[in-house]
Every structure is written in C-alpha cells, then in structure tokens.
Amino acid sequence: RRFHRALARATTRSAAGPSVSHVAALNMVAHWLPNDAKLDAAAIVFDDRAMRERWLPEVVALLTQGHGRLLGHRSTLVQFVPELRLCARVDLHLQDEPQAAARTVTVYAKADHEYAGSRTQAAMRALADSRAQAEGRLRTATPLLWQPGSGLHWQHEVPGRALAESQHH
C-alpha cells in the first residue's frame with residue numbers, strides 16, 4: 001500500500017529510470033531523486049523548465065527591481081538530507097534592464113519537510129536587520145523570498161570564500 005501511495009506521488013523519472021522502487025523482501029519503498037517522500041521541492045529544483053518559467057521570474061524581479069530578465073540559470077544541489085531538507089545553489093545569468101550587460105548572481109534555494117520557509121525568512125530578516133549585522137559582528141545570508149507554492153525559500157549568497165574552496169594547512 002505504501003508503494004502505491006508513493007507511486008501516485010512520485011511523478012519524475014530519475015536518471016536511473018524509476019521514480020520509486022519497492023523491495024518487498026525488505027518491506028522497503030525507495031524514492032529516487034528527484035522524488036522524495038516528504039520534500040516536493042526536490043523535484044522542483046531538478047526541473048529546469050519549472051524553475052525558469054514558474055519560480056525564477058519572481059526571484060529575478062526582486063533582484064532587478066522588476067526590470068530584468070533571466071538569460072539562463074544553473075542549479076546545483078549542495079545539500080540533501082532525504083525527507084528532511086535540501087539546499088541548492090542557483091547561479092542566475094541575468095540582465096538588470098534591456099540594454100544592460102549580463103551578470104551572474106548566485107542565490108540559494110532551501111526547503112525543509114516542515115515547510116518552515118516563512119518562519120525561516122522571518123528569523124533571517126531579523127538577523128539581517130540586527131545591530132550585530134550592521135556593525136559587522138555577524139555575517140549571515142540575507143533572505144530574499146519565500147515561495148509557498150514551491151516550498152522554497154531563497155537567500156542571497158554570503159560574501160566571501162566557500163569553505164570547500166579554502167586551503168587546509
């Protein structure tokens with residue numbers, strides 16, 4: 001029964017082929033990325049067309065004060081904990097206005113199984129507006145947008161160098 005419910009929910013084929021598998025001997029139902037039992041946003045992040053046509057226009061409008069356009073994008077999954085949370089780095093190639101030079105902006109799309117994006121955005125906004133942030137004692141990502149229809153909350157990239165790019169001595 002769990003398998004049939006999962007099949008009804010999972011609609012995106014994985015790179016390996018199936019969206020969901022059932023191993024009866026183990027009484028196991030396995031979801032294949034981009035499908036997830038609790039995170040519908042996983043399939044959205046992997047759907048370039050849906051991102052480009054439905055979710056990214058609002059992000060681009062905020063980044064360009066409503067005058068820009070998306071020229072292209074690239075999504076990279078940077079963290080995924082099945083059924084709990086995900087984080088995707090999204091590099092946006094955009095124009096701020098019709099005659100402007102193209103530029104690349106990096107934002108992050110995050111989702112969690114609790115659908116807590118609005119609370120997360122409020123907490124991040126409070127941190128971004130805090131005295132500690134203004135004085136440079138705190139450095140956190142600035143919230144950009146909560147999209148309840150996708151389950152994604154968006155934030156700006158934190159300035160600086162990624163830990164993965166740091167050299168260890």
Side-chain angles (χ1 to χ4, degrees), residues 6-7 9-21 29-66 68-96 102-129 133 138-166:
L7 275 177
R9 241 181 132 253
T11 58
T12 305
R13 292 181 56 80
S14 69
S19 57
V20 177
S21 295
V29 175
H31 293 260
W32 294 69
L33 264 179
N35 301 284
D36 187 276
K38 296 181 181 176
L39 284 175
D40 292 335
I44 291 169
V45 167
F46 281 93
D47 185 341
D48 283 338
R49 184 176 180 185
M51 288 284 280
R52 183 178 60 252
E53 293 176 3
R54 185 164 181 194
W55 307 112
L56 290 177
E58 189 176 8
V59 174
V60 171
L62 281 172
L63 293 170
T64 64
Q65 291 72 47
R69 70 183 179 114
L70 181 66
L71 302 174
H73 79 282
R74 179 174 172 232
S75 299
T76 305
L77 191 63
V78 294
Q79 182 192 53
F80 181 67
V81 180
E83 298 185 9
L84 292 178
R85 66 182 167 272
L86 69 82
C87 176
R89 175 187 169 126
V90 183
D91 296 309
L92 304 171
H93 192 62
L94 52 87
Q95 259 183 320
D96 288 323
R103 66 181 178 116
T104 300
V105 176
T106 299
V107 294
Y108 286 84
K110 296 185 171 192
D112 61 70
H113 77 287
E114 294 174 336
Y115 209 69
S118 63
R119 289 191 314 270
T120 301
Q121 289 288 304
M124 290 177 70
R125 174 56 48 207
L127 289 171
D129 293 341
Q133 185 95 349
L138 177 66
R139 200 172 207 179
T140 61
T142 305
L144 183 60
L145 171 69
W146 161 239
Q147 291 177 320
S150 67
L152 295 173
H153 60 95
W154 296 87
Q155 66 186 46
H156 291 274
E157 178 178 47
V158 176
R161 207 164 82 193
L163 288 175
E165 297 170 4
S166 299

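Below, all heavy atoms of this structure are taken into account, side chains as well, without hydrogens, waters or symmetry copies. Given the structure is predicted, the values throughout are model-derived calculations rather than measurements.
- Residues Arg69 and Gln95 are in side-chain contact: their nearest non-hydrogen atoms beyond the backbone lie under 4.5 Å apart.
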Stepwise side chain to side chain contact (heavy atoms under 4.5 Å, CB included) check, Leu77 with Arg89: CA-CA 6 Å; Leu77 191 63; Arg89 175 187 169 126; over 6 Å; no
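- Contact record, Gln121 with Pro143: OE1-CB, 3.1 Å, taken as the closest heavy-atom pair.
- Of all heavy-atom pairs between Ile44 and Leu152, the closest is CG2-CD1, 4.1 Å.
- In this structure, CD on Glu58 lies 4.5 Å from CD on Gln147, to the nearest 0.5 angstrom.
- With Val107 as the fixed residue, the side-chain contact (heavy atoms from CB on, under 4.5 Å) test singles out one of Leu56, Val60, Val90, Leu62: Val90.
- Minimum heavy-atom separation, Ala42 to Phe80: CB-CE1, 4.3 Å.
- Separation of atoms OG1 (Thr106) and CG (Leu92) is listed at 7.5 Å; rounding is to 0.5 Å.
- Pairs engaging residues 103-114 under the salt bridge (charged side-chain N to carboxylate O under 4.0 Å, His left out) rule: Asp96-Arg103 [sequence neighbours left out].
- Using a 4.5 Å heavy-atom threshold, the side chains of His93 and Arg74 count as separate.
- To the nearest 0.5 Å, the span separating CG on Leu84 from NE2 on His113 amounts to 5.5 Å.
- Atoms CG and NE2, on Leu145 and His156 in that order, are 9.5 Å from each other to the nearest 0.5 Å.
- The CD atom of Gln65 sits 8.0 Å away from the CG atom of Leu63 when rounded to the nearest 0.5 Å.
- Going from atom CD of Gln133 over to atom CZ of Arg139 covers 9.0 Å, rounded to the nearest 0.5 Å.
- In this structure, the side chains of Val59 and Leu70 stay at 4.5 Å or more apart for every pair of heavy atoms.
- Closest approach of Ala111 and Ala41 over heavy atoms only: CB-CB, 3.5 Å.
- Contact detail for Cys87 and Tyr108: the closest heavy-atom pair is SG-CD2, 3.7 Å.
- Nearest heavy-atom pair, Gln155 versus Ala141, reported as atom, atom and distance to 0.1 Å: NE2-CB, 3.3 Å.
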Tell me, with the steps shown, if Trp55 and Val45 meet side chain to side chain contact (heavy atoms under 4.5 Å, CB included).
CA-CA 10 Å; Trp55 307 112; Val45 167; over 6 Å; no
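- Around atom CZ of Arg52, more than 12 heavy atoms belonging to other residues, nucleotides or ligands sit under 6.0 Å away.
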